[in-house]
Every structure is written in structure tokens, then in C-alpha cells.
Participant: 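Dumping the structure here so I can ask a few things about it.
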Amino acid sequence: MGWDKAKFEHLGLWVPVLAVLLGACQAHPIPDSSPLLQFGGQVRQRYLYTDDAQETEAHLEIRADGTVVGTARQSPESLLELKALKPGVIQILGVKTSRFLCQGPEGRLYGSLHFDPQACSFRELLLEDGYNVYQSEALGLPLRLPPHRSSNWDLAPRGPARFLPLPGFLPAPLEPPGILAPEPPDVGSSDPLSMVGPSHGRSPSYTS
């Protein structure tokens with residue numbers, strides 16, 4: 001009996017230690033740990049390309065006058081900066097025009113020089129086929145382009161709503177032409193280092 005009692009008391013000393021170890025090893029989920037969620041501060045440069053059953057193929061473009069259109073080809077105005085405001089919510093900025101993509105209550109898209117959280121915040125929903133759907137966080141309206149060759153926003157619900165984010169960067173500016181290397185000195189000349197100006201008015205002593 002004495003040995004059993006001592007053994008029981010010895011095991012009892014390990015109970016608090018085991019409880020601490022098990023508590024430390026217990027897995028706790030990390031909030032918003034999914035790699036599919038965009039975290040605050042993350043910035044991506046993308047072209048938002050869309051197509052649909054109406055044979056509409058276009059890149060979303062924010063122009064300098066604030067109009068938003070779809071263009072068939074990528075352009076500096078269609079390069080966008082997508083920045084996460086919080087998990088799943090982003091702002092969209094035209095890199096060249098410095099205008100934020102915003103949406104009015106009727107669904108019309110426009111570019112604004114000032115960021116309005118109510119009009120310019122979009123929820124980004126990732127689809128299984130690689131396309132994304134964007135919705136106004138405040139209004140719940142989907143981000144849509146007007147139908148092809150039309151600026152009538154009353155027809156916007158018929159327009160495309162799926163966008164494929166394509167990585168892109170502005171083309172690097174052309175480097176200025178390099179300075180031509182100086183010509184080798186003419187050792188046969190009386191002025192091999194060209195230290196004397198043009199021949200007009202120069203002393204005949206320097207004439208080759």
C-alpha cells in the first residue's frame with residue numbers, strides 16, 4: 001500500500017506540468033490565415049481582363065478625365081494597383097492617372113482623384129477558375145463594364161462581371177542615349193588634345 005501511495009503521489013506531481021505542456025501545444029487557428037485572403041498593405045499591379053458570352057474582351061481602363069472603359073489591348077491607363085484595405089477588401093488605383101476606381105449607386109464606374117471609402121472599396125471574391133468577382137463593399141453592386149461599344153450604364157447588368165487579374169508593370173522608361181566616347185587624339189596634329197578652338201581666328205602657328 002505504501003508503495004502504491006507513493007507512486008500515486010509521484011504521478012500527481014506531473015499533472016500540472018502535463019497540463020501546461022498540452023496547453024502550449026494546442027493548435028489555435030490564426031485569424032484570416034488563408035493564403036487566398038489579401039492582408040492590409042499588400043499591393044499588386046494588375047491588368048483586369050474580362051470576357052463573357054457576349055464576345056466582350058476588354059481590359060478595365062481608368063482614363064485621365066475619370067471615365068472608365070474597356071479596351072481590347074493593355075495600355076498604361078489599364079495598369080491598376082490593387083491594394084488591400086483589410087482581408088478580402090481592396091482599393092483599385094490607376095497607376096498612370098492616379099485615379100481611384102469608384103462606383104456610384106446606379107452601378108456606374110468612374111475614376112476619382114480622392115479616395116472615398118464608401119464608393120471606392122471593393123470586396124474581392126476568388127472563383128475556382130482563376131477569375132475574380134469584385135463587389136462594392138458599401139453597395140453590394142458587382143463591378144461591371146458597360147456592354148461592348150456602349151457607354152449606357154443602364155445596360156450594365158448585362159455586361160461582364162468576372163475579371164482575370166493579369167500581372168503587369170509599366171514599361172521601363174527609355175534610357176537617355178549614352179555619351180559618345182571621345183575620339184582618340186590625332187598625334188600628327190599640332191593640337192592633339194583639341195585644346196584650341198576652331199580654326200577661325202586662330203594663330204597660324206596652330207595650323208596643321
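By convention here, the first residue in the shown sequence is residue 1.
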Participant: For the side chain of R144 and the backbone of G107, is there at least one donor-acceptor N/O pair under 3.5 Å apart?
Facilitator: no
Participant: Each residue besides L139 in its hydrophobic cluster should be listed here, by chain and number; the cluster joins Ile, Leu, Val, Met, Phe, Trp and Tyr at side-chain heavy-atom distances under 4.5 Å.
Facilitator: L141
Participant: Of all the heavy-atom pairs spanning V95 and E81, show the shortest one and how long it is.
Facilitator: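 The pair with the smallest heavy-atom distance is CG2-N, 3.9 Å.
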Participant: Rounded to the nearest 0.5 Å, what's the gap from OG1 on T67 to CZ on R108? Could you check?
Facilitator: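 That separation rounds to 10.0 Å.
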Participant: State, to 0.1 Å, how close P142 and Q103 come at their nearest heavy-atom pair, and which atoms those are.
Facilitator: O-NE2, 3.0 Å
Participant: According to side-chain hydrogen bond (donor to acceptor under 3.5 Å, both in side chains), who are the partners of R46, at least two apart in sequence or on a separate chain?
Facilitator: none
Participant: May I ask you to say whether E61 pairs ionically with R73, meaning some side-chain N is under 4.0 Å from a carboxylate O?
Facilitator: no
Participant: What are the two closest non-hydrogen atoms of S112 and C102, and how far apart are they?
Facilitator: CB-SG, 3.8 Å
Participant: Between L143 and Q135, is any pair of side-chain heavy atoms under 4.5 Å apart?
Facilitator: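 In short, these two side chains do not touch, never coming nearer than 4.5 Å.
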Participant: Of D129, N132, T50, which meets side-chain hydrogen bond (donor to acceptor under 3.5 Å, both in side chains) against R162?
Facilitator: D129
Participant: Look only at the side chain of S121 and the backbone of Q118, and say whether a donor-acceptor pair between them is shorter than 3.5 Å.
Facilitator: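 Such a contact is absent between S121 side chain and Q118 backbone.
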Participant: Just to verify, which of L101, L145, I92 counts as forming a side chain to side chain contact (heavy atoms under 4.5 Å, CB included) with L48?
Facilitator: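 Per the side chain to side chain contact (heavy atoms under 4.5 Å, CB included) rule, the option paired with L48 is I92, out of L101, L145, I92.
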Participant: Do F163 and V133 have side-chain heavy atoms sitting under 4.5 Å apart?
Facilitator: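 No; the side chains remain at least 4.5 Å from each other.
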Participant: Which of parallel (below 30°), tilted (30 to 60°) and perpendicular (above 60°) describes Y49 and H59?
Facilitator: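 Ring orientation of Y49 relative to H59: tilted.
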Participant: Is it true that R123 and E137 make a salt bridge, defined as a side-chain N closer than 4.0 Å to a carboxylate O?
Facilitator: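 Result for this pair is yes, salt bridge flagged.
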Participant: Is it the case that one hydrophobic cluster holds both V69 and I62, taking links as side-chain heavy atoms less than 4.5 Å apart, direct or via other members?
Facilitator: no
Participant: Could you walk me through whether K83 and L93 pass the side chain to side chain contact (heavy atoms under 4.5 Å, CB included) test, one step at a time?
Facilitator: CA-CA 8 Å; K83 181 179 180 180; L93 176 71; over 6 Å; no
Participant: Which residues pass the salt bridge (Lys or Arg N to Asp or Glu O under 4.0 Å) test with D65, sequence neighbours left out?
Facilitator: none
Participant: Looking only at heavy atoms, what is the nearest atom pair of G130 and P165, with distance?
Facilitator: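 For G130 and P165, the tightest heavy-atom pair comes out as O-CD, 4.0 Å.
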Participant: Using side chain to side chain contact (heavy atoms under 4.5 Å, CB included), reason through V68 and L60 one step at a time and then give a plain yes or no.
Facilitator: CA-CA 7 Å; V68 176; L60 191 151; 4.0 Å; yes
Participant: Specify the closest pair of heavy atoms between R63 and T97, including all atoms of both residues, with the distance to one decimal.
Facilitator: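 The pair with the smallest heavy-atom distance is C-CG2, 3.7 Å.
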Participant: From the options F115, Y110, F122, select the one residue that forms a ring-ring contact (aromatic ring centres under 6.0 Å, His included) with F100.
Facilitator: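 Looking at F115, Y110, F122, the match for F100 under the ring-ring contact (aromatic ring centres under 6.0 Å, His included) is F115.
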Participant: Quick check for you: to the nearest 0.5 Å, what is the distance between K96 atom NZ and S75 atom OG?
Facilitator: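 Taking NZ in K96 and OG in S75, the distance rounds to 9.5 Å.
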Participant: I need the minimum non-hydrogen distance between L82 and Y134, along with the two atoms involved.
Facilitator: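 Closest approach of L82 to Y134, heavy atoms only: CD2-OH, 3.9 Å.
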